Amino acid sequence: MKSVFHFSLVLLILFITISKSTSYTTNEAKSLLQWKSNLNNQSQFILSSWKDTTNPCNTWIGVWCNMFDSVTRINLTSLQLNGTLEKFNFSSFPNLTSFDLHNNSLSGKIPPQISNLSQLELLNLSFNQFSGRIPNEVGNLVKLEYLSLSNNGLNGSIPAVLGRLSNLTVLTLASNHFTGSIPSEFGNLSSIIELRLNLNNLTGSIPESVGGLITLNVLSLYGNQLTGTLPKKISNLTNLRLFFLSNNSISGLLPENICHAGTLQDFCASNNRFTGTVPKWVKNCTSLTRLRLDRNYLVGNISEDFGIYPKLDYVDLSYNSFRGEISPNWGKCQVLTSLKLSDNELTGVIPKDIGEASILHFIDLSSNNLVGEIPSQLRNLNSLFNLTLRNNKLSGNIPNELGMLPDLAYLDLAGNNLTGEIPRNLGDCSKMLYLNLSRNNLSGNIPDEIGNLVSLQLLLDLSRNSISGKIPWQIGNLVRLEILDISHNKLEGLLPSSFNQMQSLMLVDISGNQLVGPIPENAAFLDAPYENLADNAGLCGNRTGLDPCSSSTRTRNNGTHLLILIVIPISAAVFIATMILGFLHIIRRKEKKIASIRLNSQRSDSCTIWVEPNPGNLFTVAVKKLHFQQNSDSELAYTMKITEKCDVYSFGAVLLEILMGHHPKELISSLSYSTLSSLSLSLSSLTSSSSGEPITSKILALSHLNAQDMPLSELLDKRLPMPTPELVDEIVTITKLAFTCVNANPEFRPRMEHVVQELSIKRLKADSSRFEKDNGNAIKVIEPEEVVVKT
């Protein structure tokens, strides 16, 4: 009888269990399907596996069950679900232990019925769009171990009843709109390991009871409006790993002994009102990876209060009142990437040892009283992105080694006593975005190589130095630049026409120089305040405050003429004049009435050369009326910079203009380096067969000619008589020299003395024979109008 009774009891229990399991499954499935139906269409599609014909414990996404087919976990993270929890029947899930919906687009209020989840251990609704207050009923979820409501739009005060959740190990309420004070009841969270209340609008002081949370590893309170001093018991939190207090208004002294256990990694207390000296534990806390004490009122000797940190990645002590010298120990922090000590009262020199911290990305030592030279050892910092040393008393030259830093993008040396010239190899810093060398004693010219900084975007400031000479046309290559300040220097001459292509400029200041001529037709110049253009030698343009440009300097559309003045030494002026006159004599020497030739009575473009003395042993030479086209991106005018090749390009351009009868802008701008090289080669090897085949030379055809062969007769000025057969070879020689002189790469241009030698040799050979020998092949001159220039 006993055995029968026991068997019957087992069957009864089994029946009850199965019945209860079936009940769980049915109710939970209906509740989930009902909630799904209230989500938007996209969310319902994502939950398409939720069907009333299937068991939620087997095939439904994000649903887990226990052995009795009762739902215990719902995990629907990062699915872009859109809807609310208003239709979620919490009472249907008596065994739910984990409810994780973080990183979706759920909105509305958190229903108070959530307290029906009596077995809940994890609740994560973070990174959604929930609003309203935290319901007090959440305090009834006494089994909660993990509660995260961060990154929503929740507001109101933080419920004190959360202090009942004694099993909580993680409480994250960050990035909401909570107001009021931190509940003192949080001192009852005896198991808490991580407490994050950052980025809210909390006020008041930190409760003394927080100092009793000795199990804390993470305490994050930054980005609130907390005031008062730190509770004394905060020093009991010796197990802290992360301690964030930044961006509040906390005053008093920094905490003591919080690195006693050697676990503290990040301590950030920046932008508060802390006073006094740095606690002694800071110097010996070798576990630190990040230290931020900036923007406080701290004092002390910076060379004594800090040590060597083998794990330190980031340190910022700026905007305090630290004194003393920069310790060479910072160079021994081998994983340090950012060193920020600006706006203190530091003295002494920049230690060379900083160059040993080889992975430094960011150095800011600005606004101190540092002296001496910039150490050349900074060349070892191959990862350096930002070097800011502005507003010190540094002297000496800018080290050439800075131009060797491949990642340098932000260089600010303004407001020092630096002397010498701007290093040319700064132009090798191809990633440069910001360059400020203002308010120093720099001299010399602006290096052409600065024009290589094509990534320069935020600022180029060379103002308030003693920089002289002409502005290089290469500066016009900085088409991304937004702010240009070269004011209060000794710059002279014309503004380069290449400035017209700097369409990204928003602010420009060229005042306080000796610049002349028209301002660029660029919005930054045309809209600039007059004071940003004032105090120059003679700027003109169509804007308020400037005189209109005269007819000889005004730029007009459609190829209107621009008279260009060339300032060169006496010897160069005489030489160029002689060369041009000699060339004119060559192409006309076989004509009987040279003086009576008129180029065009209607255009009046006679080729006139005159020399006018100027102060300083310089001559002003005006050669013809050169045709100028606006927004030219080629070097079609003189650079106004005296070098051994400064006159060669202009000489070549003048030769081509005389040959063609109009400005060669389109022809020159269409020629690449390789084309010019091949052109010079083909011209030098000009040949024809003895049977009278046309003489040819290769030249790049203009785009509007559809890349067809260009007869030499089309290249030459139509107003000039065609040259006789005896002169064709000399014209070819002159053409070759002209294209060599206008090579886009100055390195491939000849010196003027080489041009003279070539002309002299050709002239002697031409006088002795009507045939030219080139590489052993005779060139026989046939009908000149048949000479063809091929592409």
Side-chain angles (χ1 to χ4, degrees), residues 445-446 448 450-452 454 456 460 469-481 484 486 491-505 508-510 513-528 532-533 536-543 546-568 620-643 646-654 656-657 662-671 741-742 744 746:
N445 298 336
I446 299 176
D448 297 348
I450 296 297
N452 296 336
V454 294
L456 201 62
L460 173 59
K470 311 300 185 292
I471 302 173
W473 64 265
Q474 291 89 342
I475 299 297
N477 293 335
L478 308 179
V479 296
R480 300 181 182 178
L481 189 63
L484 172 65
I486 53 176
L491 299 170
E492 59 186 7
L494 298 169
L495 291 171
S497 61
S498 58
F499 274 20
N500 286 319
Q501 65 193 24
M502 302 176 71
Q503 297 301 315
S504 296
L505 273 181
V508 64
D509 191 345
I510 59 173
N513 285 289
Q514 297 296 316
L515 300 171
V516 298
I519 62 172
E521 295 187 2
N522 179 303
F525 285 90
L526 296 176
D527 299 336
N532 289 10
L533 307 175
N536 276 290
L539 292 175
C540 61
N542 296 323
R543 58 149 294 141
L546 296 180
D547 293 332
C549 297
S550 64
S551 59
S552 61
T553 57
R554 184 185 297 119
T555 299
R556 298 187 182 95
N557 293 328
N558 302 321
T560 304
H561 302 159
L562 171 67
L563 182 63
I564 300 178
L565 297 181
I566 309 162
V567 181
I568 53 178
T620 298
V621 181
V623 183
K624 209 172 183 288
K625 283 190 175 180
L626 300 180
H627 297 68
F628 178 80
Q629 296 193 7
Q630 187 177 357
N631 295 329
S632 170
D633 58 357
S634 301
E635 185 187 0
L636 298 177
Y638 300 95
T639 62
M640 309 301 287
K641 180 178 179 181
I642 306 302
T643 68
C646 66
D647 50 355
V648 175
Y649 189 101
S650 302
F651 180 67
V654 170
L656 289 174
E657 181 168 357
H662 59 83
H663 199 284
K665 185 260 181 183
E666 291 184 341
L667 179 62
I668 294 175
S669 63
S670 65
L671 299 177
C741 290
V742 298

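Computed from a predicted structure; not experimentally measured. The basis for the numbers below is simple: all heavy atoms, side chains too, and nothing from hydrogens, waters or symmetry mates.
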Spell out, as yes or no, whether a donor-acceptor pair under 3.5 Å connects the side chain of Asn532 to the backbone of Val508.
yes

Considering all heavy atoms of both residues, which atom of Pro496 and which atom of Trp473 are nearest to each other, and what is their separation?
CB-CA, 3.7 Å

Measuring from Asp448:CG to Lys470:NZ, what's the distance to the nearest 0.5 Å?
12.5 Å

Under the 3.5 angstrom rule, does the side chain of Asn445 hit a backbone N or O of Pro472 as a donor-acceptor pair?
no

Mind listing the closest non-hydrogen atom pair of Gln501 and Gly476 along with its distance?
NE2-O, 2.7 Å

What is the distance from atom CG of Asp509 to atom CG of Leu533, rounded to the nearest 0.5 Å?
8.0 Å

Between Asn522 and Gln503, is any pair of side-chain heavy atoms under 4.5 Å apart?
yes

How far apart are the closest heavy atoms of Val454 and Asn477, and which atoms are they?
CG1-O, 4.2 Å

Between CG of Asn542 and CG of Asp547, what distance do you get to the nearest 0.5 Å?
11.0 Å

Where do Phe499 and Ile471 land on the side chain to side chain contact (heavy atoms under 4.5 Å, CB included) test, with the steps shown first?
CA-CA 10 Å; Phe499 274 20; Ile471 302 173; 3.7 Å; yes

So CG of Leu460 and CD1 of Ile446: to nearest 0.5 Å the spacing works out to 7.5 Å

In terms of heavy-atom contacts, Gly451 and Leu478 come closest through O-CD2, 3.9 Å

Rounded distance (nearest 0.5 Å) linking atom CD1 of Ile486 with atom CG of Leu495
7.0 Å

Work out which heavy atom in Leu526 is nearest to a heavy atom in Arg543; give both atom names and the distance.
O-NH1, 3.1 Å

Is the count of non-hydrogen atoms from other residues, nucleotides or ligands lying under 6.0 Å from Arg480 atom CZ greater than 12?
no

Any idea which heavy atoms bring Leu494 and Pro518 closest together, and the distance?
CD2-CD, 4.3 Å

Leu505 side chain near Leu481 side chain, heavy-atom distance below 4.5 Å
yes

